[in-house]
Asker: 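I have a structure I would like to understand better, so I am pasting it below and will then ask my questions one at a time.
No experiment lies behind these values; they were computed from the predicted model shown. Count residues from 1 along the sequence. Heavy-atom basis, side chains included; hydrogens, waters and symmetry copies ignored.
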Amino acid sequence: MSWSDAVPNLLIGLREGLEAGLVVSILLAALHKTTPSGQKPSTTPIWLGVVGAVAISGSFAAVLTYSTDVLSSSTQQAVGGILSVLAVVLVTGMVFWMRRTASTLAGQLRGEVQRAALIGGGALAVTAFLAVGREGLETTLFLWTAVRASGETVAPLVGAAIGLAAAVILCWLLFRRAIKLNLGVFFSRTAIVLIVIAAGILAYGLGDLQDAGLLPGAQWVAFDLTGHVDPNSWWVSLITGATELTAKMTVLQVVAWATYLAVVIPLFVRAGRTVAAAPVPVPAAGPSPGPGHADRWARLAGGRPWLAAAVLIAVPVAAAGAVIAVLPSSSGSGTTDVTVTDRACGKGWTGGRTGTQTFAVANKSGKAGEVILANSAGAIVAEIETIGPATTATMTADLGAGSYSFQCRLSGQAMVSSAPVQVAGSTGRSTTVAAVLPVSVKDLTGPNDAYRQYAAADLATLATDVARIRADLVAGALPAARADWLTAQLDWERVGASYDSFGDLGVAIDGLPDGLQGGVDDPRFTGLHRLEYGLWHGQGPTELLAVTDTLQADITKLQGKLASTAVAGDPTNLPIRAHEILEDALRDHLSGIDDLGAGAAYPETSADLQVTRVVLGELAPLIDARAPKLLPTARTQMDALQSALQATQVDGQWRAPSATPLAARQQVDAAVGALLETLSSVPDLLEVPPSHG
């Protein structure tokens, strides 16, 4: 908890509380003056009106909190942004209003009290309610938006409470004439600070509207210091708490903040000079000749203060209760704010009911890391794989009845878990709903060993087929060498290398000339694609024999090192292969990037599809236990892709994409895209958490 967040709210509470307190003090003083000599005035109606004003302010705060809590994250941002801008408008108007009317406020209120006293106690209660209620509603909205902008709850509320308590004490001392305070100077100087705070809330509100998509420019960042400053350092916390500015702001936020200050502060100073130069009007004695809006309310209340007070208190409370009662349950669809620090994980979540729950996770640890929500069995219900320092990310989970806890794995420190939170409900679902049992290295070792044996057998076949290419070159049979090259290339595709996962040896066997200074003529360009380029670009057997000998030597090295390579030796990479093999096909084959003359994109993709089936088969028990519908869907999509690939053939011969009709090419592309979307969940589904390694 950052107590710097309490500073602006303390000032708001002190200033706004002092304004409301002065109004009450003036009402009490005016009542004493309007009471006939020798009679003791009853101040009860005024205090009843004050209680009613507090009731409507509290009801307003409750409706704000509960109504936004049940909204979706984007809607919360939209509503919060609109209310922040509205709060800034109201507070700015209030500052200027106080600047203009401070000298005549006492006279105006005395006139209203005099008129109300003629009607009765109920009228006094209504007068106090209307005079204090406006201040209370403005204060509530501004405090609510300031709390939201700070991202904290306890410290801002404590600061506001201290400010209000200090205001009450000051007003009591002023009323008792125990102290003297130059109110004009106080309100003028605190107004400048209040304007600075309002500028920060305006910037925050506009940022919310950008995040909600109501304003453009969310990606147009003016500056981002999150990676350069510690958001938990005392000086950053002090600046953020006092100004509501953040370490990352968009151009719109910065421009709005600077423009607001540049316009409002000079106008405020000029308004003070105008008021000082103007003569102060003296309010006329006696009742106002024409009853206004407040008079009509007062006359309706008449001389029944308790009845008036009961209405003023009960109506806003009942209205707020009715609004909150018809709102959907916050535990079912709302957003719960939780905080991650370097010592605590998931602060802010204490309970809930079954159903969909969205968490807004704020990382205040100063470190990047992973946040997981797990049930009592250790199954992962939801996770944020990477959350940066001083950022907030959304996590949505479908919760069944049971116990849950947050687990935070921050960079450079041990895992921190939250206290278990019990979720209750009558849906009949258990904690296995939407939960993914964590996978361990041991779980993946067996499938990975099976894949390694498969890859070793395919490498042996590749070595045999490359030897056949060499024999073709020795015999000068270039057409046979081209046919045998395709066989060898498909052998390599069925090995299942993806994203250069076999390291330097994989690049040597199947690398491309991209990035090499000499391009296709660079001596570092070796392997199957070097052979492809030579065979389809008129190079002779003598030149290509040297390439083939190097390729054979590299294959032999890879066979000996297969168990120690990054993918084949690390079981945690096997789930990634289930998606990346075909992603490679889309990236390299179907786009034509790796076509150096053979036009073999479709047979190569078919071979990639074969090894993908192998990998998924090895992982099937683990996948079925966590997502039973995934593999049936994937198998149907793999069959569709195979059919689309076969449709590119003519008389059993593969055609190059350039010679394939557009409709057939589109069928292949669509089938690959659909399958990749399904397979994209496999790496996350079978990810090994750090604690299960």
Side-chain angles (χ1 to χ4, degrees), residues 1-2 5 65-66 68-77 79-80 144 147-158 204 208 211 226 231-232 237 240 246 248 329-376 378-400 402-411 413-425 431 434-436 689 691:
M1 178 170 58
S2 176
D5 292 320
T65 301
Y66 283 97
T68 55
D69 187 52
V70 300
L71 300 175
S72 66
S73 179
S74 60
T75 307
Q76 281 193 48
Q77 290 172 330
V79 172
W144 185 85
V147 168
R148 177 180 172 85
S150 70
E152 291 277 358
T153 302
V154 177
L157 291 181
V158 170
Y204 176 85
D208 264 358
D211 291 338
T226 54
N232 296 315
S237 299
T240 302
T246 61
K248 179 181 180 181
S329 171
S330 62
S331 62
S333 60
T335 299
T336 300
D337 295 327
V338 297
T339 305
V340 175
T341 67
D342 55 354
R343 296 184 179 180
C345 179
K347 291 177 59 179
W349 188 44
T350 57
R353 295 186 61 80
T354 56
T356 301
Q357 176 70 65
T358 300
F359 301 93
V361 182
N363 182 7
K364 299 190 176 183
S365 67
K367 304 179 181 69
E370 179 183 26
V371 180
I372 289 175
L373 180 63
N375 63 17
S376 56
I380 299 173
V381 178
E383 67 176 329
I384 300 173
E385 289 192 358
T386 303
I387 181 170
T391 58
T392 299
T394 300
M395 172 193 290
T396 301
D398 186 16
L399 303 181
S403 178
Y404 299 84
S405 62
F406 279 97
Q407 299 173 1
C408 299
R409 301 180 176 94
L410 302 175
S411 177
Q413 68 180 51
M415 184 186 75
V416 178
S417 296
S418 68
V421 173
Q422 193 67 31
V423 171
T431 55
V436 178
S691 59

Asker: Hey, what do you get for OG (Ser417) to CZ (Arg409), rounding to the nearest 0.5 Å?
Answerer: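 Ser417 atom OG to Arg409 atom CZ measures 7.5 Å (nearest 0.5 Å).
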Asker: Search all heavy atoms of Thr341 against all heavy atoms of Leu410 and return the closest pair with its distance.
Answerer: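 Answer, listing the atom of Thr341 first, then Leu410: O-CD1, 3.6 Å.
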Asker: With rounding to the nearest 0.5 Å, note down the distance linking NZ in Lys364 to CG in Asp342.
Answerer: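 That separation rounds to 13.0 Å.
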Asker: How long is the straight-line distance from CD of Glu370 back to SG of Cys408, given to the nearest 0.5 Å?
Answerer: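 Reported to 0.5 Å precision, the distance equals 9.5 Å.
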Asker: Do the ring planes of Phe359 and Phe406 sit parallel (below 30°), tilted (30 to 60°) or perpendicular (above 60°)?
Answerer: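 Correct class here is perpendicular.
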Asker: Any idea which heavy atoms bring Ala397 and Leu373 closest together, and the distance?
Answerer: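 Looking at all heavy atoms of both residues, the shortest contact is CB-CD2, 4.0 Å.
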Asker: Determine whether the side chains of Gln357 and Thr396 contain a donor N or O and an acceptor N or O closer than 3.5 Å.
Answerer: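 Judged by distance alone, the side chains do not pair up.
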Asker: I'd like to check Thr358 versus Thr336 (side-chain heavy atoms, cut-off strictly below 4.5 Å). Are they in contact?
Answerer: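 Not in contact.
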Asker: Could you please spell out the steps behind the side-chain contact (heavy atoms from CB on, under 4.5 Å) verdict for Gln407 and Val371?
Answerer: CA-CA 6 Å; Gln407 299 173 1; Val371 180; over 6 Å; no
Asker: Taking C-beta and beyond as the side chain, do Val340 and Asn363 meet within less than 4.5 Å on heavy atoms?
Answerer: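 Of all side-chain heavy-atom pairs linking Asn363 with Val340, at least one is under 4.5 Å.
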Asker: Mind listing the closest non-hydrogen atom pair of Ile384 and Ala393 along with its distance?
Answerer: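 Smallest heavy-atom distance, with atoms named: CD1-CB, 3.7 Å.
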Asker: If you define the side chain from C-beta out and look only at heavy atoms, does anything of Val361 sit under 4.5 Å from Trp349?
Answerer: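 Val361 vs Trp349: side chains apart.
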Asker: Which atoms form the tightest heavy-atom contact between Val423 and Gly400, and what is the distance?
Answerer: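 Answer, listing the atom of Val423 first, then Gly400: CG1-O, 3.7 Å.
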Asker: To the nearest 0.5 angstrom, please state how far the CD1 atom of Ile372 sits from the CE atom of Met415.
Answerer: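 Going from the CD1 atom of Ile372 to the CE atom of Met415 covers 8.5 Å.
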Asker: Taking atom OG of Ser405 and atom CD of Gln422, what is their separation to the nearest 0.5 Å?
Answerer: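 Here the rounded value is 11.5 Å.
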Asker: Name all residues meeting the side chain to side chain contact (heavy atoms under 4.5 Å, CB included) criterion together with Val416; count only those two or more places apart in sequence or in a different chain, and write none if there are none.
Answerer: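 Only Cys345, Gln413 meet the side chain to side chain contact (heavy atoms under 4.5 Å, CB included) criterion with Val416.
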